[in-house]
Amino acid sequence: MQTEIIKVTDKNCSDTVKRAADVLRLGGLVAFPTETVYGLGGNGLDAQASGKIYAAKGRPSDNPLILHIAEREQLCDIAQGIDARAEALMDAFWPGPLTLILKKAPKVPYETTGGLDTVAVRMPSHPVAAALLRAVKLPIAAPSANTSGRPSPTAAEHVIEDMSGRIDMILDGGSVGIGVESTIIDLTEEIPMLLRPGFITLDMAEHVIGRVDVDKAVTRQVSADVRPKAPGMKYRHYAPKAAMEIVDGDICKVVDYVNTQAEALKRENKKVGVLATDETKGMYNADTVLSVGSRESIESVAHNLFGVLRAFDACKVDCIFSESFPDEGEGSAVMNRLRKAAGHNIKRV
Ligand code: TXA
Ligand code: MG
């Protein structure tokens, strides 16, 4: 399949989204930028289009898709039981990086929800995503536009790398703003449950609706026999090709430990990568030392994280040591993705 790649500019935006909307209406797949990561869109009400999404990503079909909408009125078509908590969260954070899990409406095919009776919904704020959704007037199922298991795409180049030849169209809207996927909150239980941390933090959500519990799979590896609430949480995810270890502790001790390990691995002819920060990158002796951002700005770390994980693949390192970040506020999203990238391999020093 020939994939059409279109750079979206202010000038061509309205024509481009109209064309992309036509592709979606005809059952095709279009990747587009959102404020979090690039999404791989298809008509969420069309079981066949959902099937194409799973095939293009190589994604297990029990891992449900998020439906993206442009207007609140679209919600009653796809979800039921929209209560005061849902309304309050939508008032506070939509459009924006928050996904809500609600009871699904009959119109949504089980192929889209991975067989579940619930549905994930979000209203993105990125101007290209919003324009596309307004033009197509359909709920668009859009997982992150990466091959299943690879880091989510935060630039069009990443989407091209993974999806070229597999989908109809890629809208290139440049680098995304946030860089980690939306926060997911399940509202189908009595106590709302955070299933995936993102830039809407636990505190921010609790400020609006009171107590929110955190799913165990957010911070811990779940054993193979447990089915986590967000099925996506059980897969090794966001993963670079190399083995990865997170090193947690006082930063001087982290540097010492990593340099000692790197030296030993070099003697075995292994290529070592270090995921460092602006403040520490000069302190490591390794083959590839990449800064993920400044320790002063967790936003910069989130923004660069997936791109840096992809860059390690390009450098063909054998193993990666990563610094750790405070697991609080927006740092929780970073640490959740890092832990999954490392397969929960954490060394405390
Ligand atoms: O920021 C985002 O949310 C991006 C952009 C493109 O919008 N999308 C995204 O989709 O990250 P995806 O498919 O890569 O991740 C969706 C996650 C998965 O972990 C999935 O298991 C969970 O949402 N999920 C979807 N529907 C669910 C449901 N009904 N119940 C529980 N978890 C659900
Ligand atoms: Mg994903």
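Positions are given from 1, in the same order as the sequence printed here. Start at 1 and go down the list; that is how both ligands and their atoms are numbered.
- Every atom of ligand 1 with a heavy atom of G39 under 4.0 Å away is listed here by number and element: 6 (C).
- The closest donor-acceptor contact from the side chain of H68 to the backbone of M123 lies at 3.5 Å or more, if one exists at all.
- Between K241 and D318 no salt bridge is recorded (no basic side-chain N to carboxylate O distance below 4.0 Å).
- Under a 4.0 angstrom heavy-atom cut-off, N63 registers as being in contact with ligand 1.
- Counting atoms of ligand 1 from 1 in the listed order, those under 4.0 Å from a heavy atom of E181 are 1 (O), 2 (C), 11 (O).
- Checked against a 3.5 angstrom limit, the closest N/O atoms of T34 and ligand 1 fall outside it.
- Taken from CD1 in I246 to CZ in R348, the straight-line distance is 9.0 Å, to the nearest 0.5 Å.
- Between M163 and L40 there is a side-chain heavy-atom pair separated by less than 4.5 Å.
- Residues R59 and P143 meet the side-chain proximity criterion, which asks for heavy atoms closer than 4.5 Å.
- When the heavy-atom distances from atom 25 (C) of ligand 1 to P64, G114, S148, G115 are ranked, the shortest goes to P64.
- Inclusion of S152 in the first shell of the Mg ion (ligand 2) is not supported: no N, O or S atom falls under 2.8 Å.
- Taking a cut-off of under 4.0 Å to the non-hydrogen atoms of I184, the atoms of ligand 1 that pass are 17 (C), 22 (C), 23 (O).
- Checking A142, A129, P33 against atom 8 (N) of ligand 1, the nearest heavy atom belongs to A142.
- Under a 3.5 Å cut-off, the side chain of H158 and the backbone N or O of N146 do not form any donor-acceptor pair.
- Contact annotation: K104 has no heavy atom less than 4.0 Å from any atom of ligand 1.
- Residue S182 has at least one heavy-atom neighbour below 4.0 Å for each of these atoms of ligand 1: 1 (O), 2 (C), 3 (O).
- Evaluation of the ring pair (Phe, Tyr, Trp, His ring centres under 6.0 Å) rule for F199 yields no partner, not counting sequence neighbours.
- Residue R59 places at least one N or O, backbone or side chain, under 3.5 Å from an N or O of ligand 1.
- Cation-pi geometry between K271 and F312 is not satisfied (NZ or CZ under 6.0 Å from the ring centre, within 45° of the ring normal).
- Between T118 and ligand 1, a contact under 3.5 Å exists for at least one N or O pair.
- Side-chain atoms of R295 and E323, non-hydrogen and from C-beta on, do get closer than 4.5 Å to each other.
- Ligand 1 places these atoms under 4.0 Å from at least one heavy atom of L116: 28 (C), 29 (N), 30 (N).
- The N/O atoms of Y38, backbone and side chain alike, include none that comes under 3.5 Å of an N/O atom in ligand 1.
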